[in-house]
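See structure below.
What you are looking at is a predicted structure, and each value in this text was computed from that prediction instead of being measured. Lettering of chains follows the sequences in order, A, B, ..., and the numbering in each one begins at 1.
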Amino acid sequence: MRFQRPRGTQDLLPAQAQRWQRLDASMRHTLEAYGYGEIRTPVFEETQLFVRSVGSETDIVQKEMYTFNDRRGRSLTLRPEGTASVVRAYLENHLGREAGVRRFYYLGPMFRYDRPQAGRFREFFQVGAEAIGSGDPEQDIEIIDLLSMLLHDLGLKDLEVEVNSVGHPGCRQAYESELRAALERERGKLCATCGTRIEGNPLRVFDCKNEACRGVMSRLPLLRNHLCDACETHHATVLAGLARLGIPHKENPMIVRGLDYYTRTAFEVHYPPLGAQSALGGGGRYDGLVEACGGPPTPAVGFSAGIERVLFALEQTSAEAPVEPPIVVLPLGDAARVPALELARELRAVAPTAVDLSGRSLKALLRSAGRGGAHVAVILGDKEMTRAEVTVRDLLAGEQETSPRTGVTAAVQALLQRHGGEA
RNA sequence: GUGGACGUAGCUCAACCGGUAGAGCCCUUGGUUGUGGUCCAAGUGGUUGCGGGUUCAAGUCCCGUCGUCCACCCCA
């Protein structure tokens with residue numbers, strides 16, 4: 001094998017690509033039903049866009065970006081997530097001039113230089129939605145509702161929605177200094193990584209799986225209990241709204257998302273059978289991001305979900321559908337090859353049709369047609385050619401008939417319909 | 001980035017303590033001059049991921065490298 005795909009990337013073969021298409025269609029349908037319109041932005045952006053929006057202290061920026069210089073020495077980066085680009089496009093195209101909330105969705109590849117493992121890739125696909133221009137808690141509810149409906153419409157069950165509030169910069173700052181103080185007191189009991197987290201991002205300590213750190217955790221103050229009145233009210237409204245809409249969820253005060261821009265609401269959706277990479281999606285409110293990107297102060301909320309993981313979760317239950325076309329044309333002999341192509345053109349008006357040009361024996365041709373799941377074989381050989389006929393073989397019933405060349409589409413159509421044809 | 005497991009035919013996998021690579025499926029052909037999905041028979045297919053080392057001898061042991069998987073980390 002001479003070449004192989006880059007580490008952490010995948011080839012999508014037809015059977016899987018077809019499932020992908022269905023999922024894609026279902027998600028677009030739901031997204032558009034909620035009033036979100038697709039936005040397509042470049043796959044790469046100026047590096048600084050991600051550094052500023054995602055946050056220079058995050059893992060994404062510090063070690064996971066595909067950054068390169070183009071021929072003029074500009075630093076560009078393959079997008080590691082979608083929100084930054086949407087915000088950039090929102091500002092660049094002056095979409096905020098129109099009053100009210102703008103709703104966008106996107107679907108496409110993202111890139112992170114992570115170490116691959118099950119459910120984690122270097123090129124992966126995300127679907128995401130952003131509602132820009134509303135700071136109301138009801139908008140948070142809509143976004144969470146949208147994500148859970150998106151997954152629900154695909155047939156996914158047993159999802160766990162977890163919600164938290166990380167406060168606004170004001171109450172978070174006050175809380176963080178309190179947290180630092182508490183951590184300093186327990187410093188000796190913490191693991192090495194958590195020791196360094198105290199200065200940089202003390203909230204991350206809550207992510208630690210270390211036994212000792214977990215013990216300390218129970219004695220730490222929770223951000224959840226240090227929200228200012230406004231954030232507290234906002235959070236309570238979100239929770240009440242989810243309950244009212246019948247969206248099962250639980251509060252998880254430990255949720256600390258990997259991007260710095262989140263304010264107030266943060267949430268994740270998990271599918272536990274996935275194992276270590278069980279997060280299907282997540283998101284939250286980012287009231288400061290538009291301003292940080294050079295725009296006017298503009299509140300916003302959004303989510304993103306990983307398509308591979310959704311697909312994987314779906315695989316547990318869904319059955320494989322045949323990919324091969326229901327009609328196959330089998331030319332016998334060189335003289336029949338081009339006429340077979342012509343014949344196939346007509347048959348495509350009835351159902352997807354393939355031509356087997358491998359030139360093997362009829363026995364072999366029929367065998368592969370049957371294996372491939374075709375319903376009808378249309379045989380075109382010397383005998384048929386001279387009589388201006390074709391042989392139409394029903395591969396499911398094992399019967400065949402000859403039909404005038406001119407009546408072939410009608411004959412095939414009748415046959416497919418007899419089988420409860422899908423045409 | 002850290003730790004561990006693994007990599008043998010197109011696919012799924014075997015091969016003892018190091019002794020010169022095998023099965024099932026698939027594919028091809030024949031049984032049937034142009035009739036499949038069953039059956040019978042025969043056949044094609046391998047630089048054992050790649051590179052080096054130890055050894056009379058390496059799929060097997062050692063080192064490196066690439067890749068996959070698992071866990072950490074992080075998230076989607």
Grab the [atom1]-[atom2] distance between [X] and [N] for me, whole Å please.
X: Arg360(A); N: C27(B); atom1: CZ; atom2: C1'; answer: 9 Å
X: Gln10(A); N: G67(B); atom1: CD; atom2: C1'; answer: 14 Å
X: Leu365(A); N: U28(B); atom1: CG; atom2: P; answer: 9 Å
X: Glu268(A); N: C74(B); atom1: CD; atom2: C1'; answer: 11 Å
X: Lys63(A); N: U2(B); atom1: NZ; atom2: P; answer: 11 Å
X: Arg112(A); N: G1(B); atom1: CZ; atom2: P; answer: 17 Å
X: Glu64(A); N: G1(B); atom1: CD; atom2: P; answer: 12 Å
X: Leu23(A); N: A76(B); atom1: CG; atom2: C1'; answer: 14 Å

Does [atom1] in [X] sit with more than 12 non-hydrogen atoms of other residues, nucleotides or ligands closer than 6.0 Å?
X: Gln173(A); atom1: CD; result: no
X: Arg405(A); atom1: CZ; result: yes
X: Arg7(A); atom1: CZ; result: yes
X: Tyr66(A); atom1: OH; result: yes

Donor on one side chain, acceptor on other, [X] and [Y], under 3.5 Å:
X: Asp153(A); Y: His29(A); result: no
X: His168(A); Y: Thr263(A); result: no
X: Thr298(A); Y: Glu291(A); result: no

Closest non-hydrogen atom pair, Glu123(A) against Pro109(A):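 So the two residues come closest at OE2-CB, 3.7 Å.
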Could you tell me which non-hydrogen atom of Pro325(A) sits nearest to which non-hydrogen atom of Pro352(A), and how far apart they are?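 Closest pair (atom of Pro325(A), atom of Pro352(A), distance): CB-O, 3.2 Å.
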side-chain N/O Gln117(A) vs A71(B) OP1/OP2, d < 4.0 Å: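 Affirmative; the distance criterion is met.
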Output every pair passing salt bridge (charged side-chain N to carboxylate O under 4.0 Å, His left out) with a member in residues 354-378 of chain A, not counting sequence neighbours, ordered by first then second residue.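 Sorted result for residues 354-378 of chain A: Asp356(A)-Arg360(A).
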Could you note down all residue pairs passing salt bridge (charged side-chain N to carboxylate O under 4.0 Å, His left out) where residues 83-93 of chain A supplies at least one of them, sequence neighbours left out?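 Salt bridge (charged side-chain N to carboxylate O under 4.0 Å, His left out) check on residues 83-93 of chain A returns Glu45(A)-Arg88(A), Arg88(A)-Glu92(A).
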Position toward the 5' end of RNA chain B (nearest nucleotide), Ala305(A) or Arg7(A):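 The residue mapped nearer the 5' terminus is Arg7(A).
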Map Leu280(A) and Pro116(A) onto RNA chain B by nearest heavy atom, then report which one ends up closer to the 5' terminus.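 The 5'-side residue here is Pro116(A).
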Distance between the [atom1] atoms of [N] and [M], in whole angstroms?
N: G49(B); M: C6(B); atom1: C1'; answer: 12 Å
N: A14(B); M: U48(B); atom1: C1'; answer: 13 Å
N: G45(B); M: G10(B); atom1: P; answer: 11 Å
N: C25(B); M: C39(B); atom1: P; answer: 9 Å
N: C62(B); M: G22(B); atom1: P; answer: 25 Å
N: G31(B); M: U35(B); atom1: P; answer: 10 Å
N: A76(B); M: C63(B); atom1: P; answer: 38 Å
N: G37(B); M: A71(B); atom1: C1'; answer: 45 Å

RNA chain B: stems of at least 3 consecutive Watson-Crick or G-U pairs, cut-off 3.5 Å?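 Listed by first number, the stems are B:1-7 with B:66-72, B:10-13 with B:22-25, B:27-31 with B:39-43, B:49-53 with B:61-65.
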Answer whether the closest heavy-atom distance between the side chains of Pro253(A) and Leu223(A) falls below 4.5 Å.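 A side-chain contact is absent here, since even the closest heavy-atom pair is not under 4.5 Å.
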Any Val166(A) side-chain heavy atom under 4.5 Å of Arg264(A) side chain: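 The answer is no; the side chains never approach within 4.5 Å.
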Categorize Arg309(A) for me: base, sugar-phosphate, or nothing, with a 4.0 angstrom heavy-atom threshold over every strand shown.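 Base contact.
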State yes or no: are the ring centers of Tyr36(A) and Tyr105(A) separated by less than 6.0 Å?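 For Tyr36(A) and Tyr105(A), the ring centres are not under 6.0 Å apart.
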Nucleic acid contacts of residues 118-128 of chain A, taken as heavy-atom distances under 4.0 Å to RNA chain B: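 Residues of residues 118-128 of chain A that come under 4.0 Å of RNA chain B are, in numerical order, Ala118(A), Gly119(A), Arg120(A), Phe121(A), Phe124(A), Gln126(A).
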Strand contacts (RNA chain B) in residues 27-41 of chain A, 4.0 angstrom heavy-atom criterion: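 Correct list: empty, so none.
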Sequence-aligned protein contact record of nucleotides 32-39 of chain B, with B where the base is within under 4.0 Å of a protein heavy atom and S where only the sugar-phosphate is: --BBBB--
Arg122(A) to Tyr113(A) six-membered ring, cation-pi geometry met (6.0 Å, 45°):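 Yes, a cation-pi geometry.
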